[in-house]
Amino acid sequence: MPRYYATTPIFYVNDAPHIGHTYNAVTVDAVTRWHRMLGDDVWSLTGTDEHGLKVQRSAEENGRTPQEQADLNSDRFREAWAGVNLANDDFIRTTEPRHHQAVQALLQKAYDNGFVYQDTYEGWYCVRCEAYYEEDDLLDDHHCPIHKAPAEWMTEENWFFKLSAFQERLEAWFEAVPDNITPGGYRNEAMGILKLGLRDVSMTRSSIDWGIPVPWDDDHVFYVWYDALINYATAVGYADDPERFEAWWPAAHHFIGKDILRFHTIYWPAMLMAAGIEDMPHFHVHGFLLLGGEKMSKSGNVTKIAPSEMTEVLGVDGFRHALLRDHPFGPDSEFSYESMVERYNTDLANNYGNLISRVATVVGKKCDGVGPAPQADSPLAAVVAESYATAAEAWDKVQPSQALDATIRIVRDTNEYLQQNEPWKMDPGPEVDAVMGDAIEAARIATVLLWPTIPEAAEAAWKRLGLDGTVAEQPLPAAADWGGYPGGLTVSTGDPLFPRVKG
RNA sequence: GGCGCCGUAGCUCAGUUGGUGAGAGCGCUCGACUCAUAAUCGAGAGGUCGACAGUUCAAAUCUGUCCGGCGCUACCA
């Protein structure tokens, strides 16, 4: 059984969950749900990044311990993800003991293998940023470009990671694995970074307490990135279950935003290599949601919009669908309230939801409420087969927008098929049965294929069609084969699955 | 400065290795239907595929230049 291990980034606890985070998390959720239907052995991970100066500071400001602060804020992400129906298998926190063990173990390996050394770091340092700057990046008189405050010349003893030692091995990895980073544009970006040449980087801090102690030097904690990235290994047992790690690690897929490309696709693979891990993860990189439209651009930035603002209007499933359908995975794309509502109304209210309604009503009136079996040679059979092939390929390439487009095509063509045959004008009999059997079957398959994005509504539709069991347990590709609907099941009507939303 | 990305109908976007008269959804116009969530279906209008110049029998697709927007070149989480 193929394995598929998918991760979101761990989100920094000081941030509030917003639709940018949500886009990433829902993509991972939908893709992993698709893989579950394929019968793959799936593990999906999300979590929170909880160390670092910012957490330490906001804890002080609020009169809490850093751990208390982290607990509070981590819960916001848990709640947000429950609110969009994420079916993650694990939620990791970097403050957990299992993670401390893994970080110390993995970096100790790097140390033992000779890829860590002590050196003096000198540079212009902004206290408020807690970061060093290159001279060229500072404003006049060595002022910090962000805070406009004077930077100080600092000298610090630090532990360095020998990133430069991995230049060639990283290049070899890129050469050997053409799809190590998708979409391809981001792979080019990463290769560009490589081509410029890699410098060793500092990986510890002695000025902060809120972090994971360096095992060979009590005075230091690891710099946040060297702590955070390792979460992906922690979660599949790097420190405490080597067998489990062996099994899952080769199947790792990291879904990330383009802003963290460098750390993930260059530093992290090098860290793995330094620790003697052979298998490299796959990376799927997306762009930003840009805030357009009227209603929300007034509130400024996409990072100010909580997912709950959208689920209140569109429902959980409606939001999930519109989010993935309208924003191709990879490039930056426009996000607007108006287009989300429009997408919801078009795809889910007018097409999919309405199809379920009209089918149920006509079956009720013309077939005594019992769904007839589909025709083996229905013209819809070919439509479904083609749509499935397109959707399956798109999911495989991590292109949910394309997959959903292909899936909705089934719904559109079924509406067209009904319109052409007008079964509501016919007297009950074989002719009506033939048309309605086909329509139910197409609706059934569309429901299966929509489950990864609209799981709740899909289950509800499944029951209305009178089908047994759950959509979740339907196996692909078999469940998408034409003719799966047996006929003779009671079809029921009900309130609209997706009520129209007024713009 | 260097590297890279983007610029296709009013809007949001598709367009594999260059090849039938350039597409989808939405919006718009007209019509049909009335089973259905004023939903659905059909027809139509609408683009010199950023500009210019090349390569080619043939380019939105390849090359160069230019214009416009953006990213990276940062130990910002």
Side-chain angles (χ1 to χ4, degrees), chain A residues 9-15 49-55 94 121 123 125-126 128-134 136-137 144-147 158 160-161 163 183-186 188-193 195-196 199-205 223-229 258-263 267 287-288 290 292-293 325-328 330-336 338-339 342-343 345-366 399 401-402 405 408-409 412 414-420 422-426 436 439 493 495-501:
Chain A
I10 44 173
F11 303 105
Y12 199 61
V13 274
N14 259 31
D15 297 337
D49 183 10
E50 311 188 0
H51 291 302
L53 185 75
K54 287 186 186 173
V55 175
T94 55
Y121 193 93
Y125 182 84
C126 171
R128 293 169 67 185
C129 291
E130 183 72 10
Y132 286 95
Y133 284 92
E134 295 294 322
D136 291 347
D137 295 327
C144 163
I146 294 170
H147 295 99
N158 258 321
F160 280 71
F161 176 58
L163 183 62
Y186 292 111
N188 292 340
E189 291 264 351
M191 284 198 285
I193 292 169
K195 213 177 295 175
L196 288 170
R199 285 192 303 180
D200 295 346
V201 285
S202 157
M203 62 189 293
T204 68
R205 290 291 127 96
Y223 178 58
V224 280
W225 274 106
Y226 291 82
D227 160 350
L229 289 162
K258 65 178 186 178
D259 52 327
I260 52 179
L261 180 78
R262 156 186 296 267
F263 283 98
Y267 290 32
F288 295 149
L290 308 175
R325 171 64 188 86
D326 253 2
H327 305 98
D332 291 352
S333 69
E334 295 283 342
F335 177 94
S336 80
E338 291 79 5
S339 64
E342 183 180 282
R343 176 57 61 190
N345 280 334
T346 299
D347 284 356
L348 298 180
N350 298 352
N351 276 297
Y352 177 68
N354 185 47
L355 175 68
I356 300 295
S357 294
R358 68 195 304 206
V359 163
T361 303
V362 176
V363 168
K365 288 184 178 173
K366 301 288 182 179
Q399 289 297 325
S401 64
Q402 291 175 22
D405 183 53
I408 292 294
R409 208 175 306 141
R412 291 177 180 282
T414 305
N415 275 322
E416 179 186 336
Y417 180 71
L418 287 173
Q419 199 69 34
Q420 284 169 349
E422 301 184 308
W424 46 87
K425 285 184 173 174
M426 301 171 181
M436 294 317 295
T493 56
D495 293 335
L497 255 25
F498 294 100
R500 258 186 88 81
V501 170

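Naming: A, B, ... by sequence-line order, numbering from 1 per chain.
- Distances were taken from every side-chain heavy atom of K54(A) (C-beta onward) to each of U34(B), U37(B), A77(B); the shortest belongs to A77(B).
- Among the heavy atoms of the strands lying under 4.0 Å from S333(A) are primed sugar atoms or P, OP1, OP2 only; no base atom is included.
- Under 4.0 angstrom from either OP1 or OP2 of U40(B) there lies no side-chain N or O belonging to W424(A).
- No contact: K366(A) has no heavy atom under 4.0 Å from any strand.
- Within 4.0 Å of K195(A), counting heavy atoms only, lies no atom of the nucleic acid at all.
- Picking from U12(B), A77(B), C35(B) the nucleotide with the shortest atom distance to the side chain of V362(A) gives C35(B).
- The distance from atom CG of N354(A) to atom P of U40(B) is 7 Å, rounded to the nearest whole Å.
- Here K54(A) contributes atom NZ and D15(A) contributes atom CG; the two are 7.0 Å apart, rounded to the nearest 0.5 Å.
- Among the heavy atoms of the strands lying under 4.0 Å from A349(A) is at least one base atom, whether or not backbone atoms are also near.
- A heavy-atom distance below 4.5 Å is found between the side chains of Y12(A) and V55(A).
- Comparing the same atom, P, in C70(B) and in G25(B) gives a spacing of 32 Å after rounding to whole Å.
- Minimum atom distance to the side chain of R199(A) is reached by A74(B), of the listed A77(B), A32(B), A74(B).
- Residue G353(A) is in base contact, counting any heavy-atom pair closer than 4.0 Å across all strands shown.
- Using a 4.0 Å heavy-atom distance criterion, F263(A) is classed as a sugar-phosphate-only contact.
- With U37(B), C76(B), G15(B) as the candidates, the nucleotide lying closest to the side chain of S357(A) is U37(B).
- Of the candidate nucleotides U40(B), A14(B), U12(B), A14(B) has the atom lying nearest to any side-chain atom of P328(A).
- Within the 4.0 angstrom heavy-atom criterion, no nucleotide atom of any strand lies near V201(A).
- Counting only heavy atoms from C-beta on, E189(A) has its side chain closest to G71(B) among U34(B), U37(B), G71(B).
- Contacts of T361(A) with the nucleic acid, taken as non-hydrogen atoms under 4.0 Å apart, involve only primed sugar atoms and P, OP1 or OP2.
- Nearest nucleotide to the D15(A) side chain, out of A77(B), U37(B), A14(B): A77(B).
- Residues E50(A) and T94(A) approach most closely at N-OG1, 2.8 Å, considering heavy atoms.
- In this structure, CD of E342(A) is placed 15 Å from C1' of A39(B), rounded to the nearest angstrom.
- Listed for the N354(A) side chain is no donor-acceptor partner under 3.5 Å among the backbone atoms of A349(A).
- Rounded to whole Å, the distance from CG on L355(A) to P on C41(B) is 10 Å.
- Whole-Å rounding puts the N415(A) CG to A39(B) P distance at 13 Å.
- Here R412(A) lies in heavy-atom contact (under 4.0 Å) with sugar-phosphate atoms only.
- No contact: I408(A) has no heavy atom under 4.0 Å from any strand.
- Not one N or O on the side chain of K258(A) forms a donor-acceptor pair closer than 3.5 Å with the backbone of F288(A).
- As judged by a 4.0 angstrom heavy-atom cut-off over every strand, T346(A) is placed among residues touching the sugar-phosphate backbone only.
- Atoms OH (Y417(A)) and C1' (U40(B)) sit 16 Å apart, rounded to a whole Å.
- Rounded to an integer number of Å, the gap from K258(A) NZ to C76(B) C1' is 17 Å.
- In this structure, OH of Y223(A) is placed 7 Å from C1' of A77(B), rounded to the nearest angstrom.
- Between the Y352(A) side chain and the R412(A) main chain, no donor and acceptor come within less than 3.5 Å of each other.
- The CG atom of D326(A) sits 9 Å away from the P atom of C13(B) (whole-angstrom rounding).
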